[in-house]
Amino acid sequence: MSTDRRKPIESWLTDMDGVLVHEGQPVPGAPEFVNRLRSSGKPFLVLTNNSIYTPRDLQARLSRMGFEVPEPAIWTAALATAQFLADQRPGGTAYAIGEAGLTTALHAVGYILTDFAPDYVVLGETRTYSFEAITKAVRLINDGARFICTNPDPTGPSTEGALPAAGSVAAMISKATGVEPYFVGKPNPMMMRSALNNIEAHSETTAMIGDRMDTDVLCGLEAGLETILVLTGISTRAEAERYPYRPSRIVDSVADLIDEI
């Protein structure tokens, strides 16, 4: 569908890393973009596949960089995962490998965290993967626990370079168990649908801004959103051309979108 036949954008979803923030610094014009979103009154969410941090942690981190983002406007793969589990099996049990972002989200939906015959093994991002915890996860999955992972990213960024991320650890657990996880985060459109539900937005009047063709754009496309690729993160204009699908449009950065809000 060409963009000229789409309805006007009434709600915005935007990725965080590579769109608003790059290597720990705000993207030029991004704080102004967020301020315009806030003053417009249009519903918006800042999305991240990172499940380490709670929305409050991320709000504080963004605030230090000059962004004024309300805590409820932050949607993480951990929140989407917790919501998915609460919908699937309310009041269930999980053995979680992850940090506060994941465990807080699971507690908030009424899940009990246990390593005694849990309904699910839930794998998220963590800075220190424990071989002991991974071994326990393997045994619990072998004993019948269902395997869920917050996001499929094989690596994550750090100031020193790439870090192995949840997707890589999931691959190790899958190799050991023969069981593939269900990934909730991007590019699963489930992440977008839960975000849309969260702000009571409709796909045909919502835009997704991202810096990655393989997660943000794919996810937005499959959820029926307008997709806007920015060139301040991972994907370049030349790389974007190599994919079998296209974003609705490509802009240099979110600074180019301020006047549209």
Side-chain angles (χ1 to χ4, degrees), residues 15-19 21-24 47-54 57-58 61 75-85 94-106 113 115 118-192 194 210-219 222 233-236 239 242-243:
D15 186 38
M16 188 170 74
D17 292 309
V19 178
V21 178
H22 187 63
E23 293 179 348
L47 272 62
T48 176
N49 255 6
N50 191 320
S51 63
I52 289 180
Y53 304 103
T54 65
D57 297 332
L58 290 171
R61 196 170 138 210
W75 190 246
T76 70
L79 293 174
T81 299
Q83 186 62 60
F84 171 76
L85 293 182
Y95 175 66
I97 299 178
E99 307 235 354
L102 181 59
T103 55
T104 304
L106 289 169
L113 301 184
D115 60 0
D119 296 321
Y120 298 98
V121 166
V122 185
L123 173 66
E125 298 291 1
T126 161
R127 297 183 196 87
T128 52
Y129 284 106
S130 136
F131 193 73
E132 189 183 347
I134 290 167
T135 302
K136 186 167 285 187
V138 166
R139 290 172 183 166
L140 290 171
I141 291 165
N142 283 339
D143 288 342
R146 301 152 192 87
F147 186 18
I148 300 281
C149 185
T150 56
N151 61 297
D153 302 56
T155 60
S158 82
T159 48
E160 289 86 43
L163 292 170
S168 293
V169 181
M172 180 160 65
I173 294 172
S174 292
K175 191 77 174 171
T177 59
V179 175
E180 294 290 326
Y182 180 71
F183 293 107
V184 177
K186 298 177 293 183
N188 186 345
M190 177 77 67
M191 175 97 172
M192 294 287 146
S194 62
D211 70 310
R212 293 184 67 137
M213 287 292 292
D214 57 346
T215 55
D216 306 319
V217 171
L218 178 59
C219 200
E222 291 187 342
I234 301 284
S235 295
T236 64
E239 281 170 14
R242 292 209 293 270
Y243 283 85

Fill in: Donor-acceptor contact present, side-chain Ser51 to main-chain Glu125, <3.5 Å
yes
Worksheet item: Is there side-chain contact between Pro152 and Asn49, with heavy atoms separated by less than 4.5 Å?
Response: yes
Practice prompt. Determine, stepwise, if the pair Asp214 / Lys186 fulfils salt bridge (Lys or Arg N to Asp or Glu O under 4.0 Å).
Written response: CA-CA 9 Å; Asp214 57 346; Lys186 298 177 293 183; over 6 Å; no
Worksheet item: Do side-chain atoms of Asp216 reach the backbone of Asp211 as a donor and acceptor pair under 3.5 angstrom?
Response: yes
Worksheet item: Quick one: does Thr76's side chain have a donor or acceptor within less than 3.5 Å of a partner on Asn50's backbone?
Response: no
Worksheet item: So among Phe147, Phe84, Tyr120, which one has a ring-ring contact (aromatic ring centres under 6.0 Å, His included) with Tyr182?
Response: Phe84
Worksheet entry | Basic-acidic side-chain contact under 4.0 Å: Lys136, Asp115 | yes
Worksheet item: So, the side chain of Asp119 versus the backbone of Ala94: is there a donor-acceptor pair under 3.5 Å, distance only?
Response: no
Worksheet entry | pair Leu47-Met16: side-chain heavy atoms closer than 4.5 Å | no
Worksheet entry | Inter-residue atom distance Phe131.CZ - Met172.CE, 0.5 Å rounding | 6.5 Å
Worksheet entry | Ser194 versus Gln83, side-chain donor and acceptor atoms under 3.5 Å | no
Discussion item. Under a 3.5 Å distance rule, please check whether Asp57 uses its side chain to pair with a backbone N or O of Thr54 as donor and acceptor.
Written reply: yes
Worksheet item: Less than 4.5 Å apart, any side-chain heavy atom of Ile148 and any of Leu123?
Response: no
Item to complete: Tell me, with the steps shown, if Asn151 and Val184 meet side-chain contact (heavy atoms from CB on, under 4.5 Å).
Response: CA-CA 6 Å; Asn151 61 297; Val184 177; over 6 Å; no
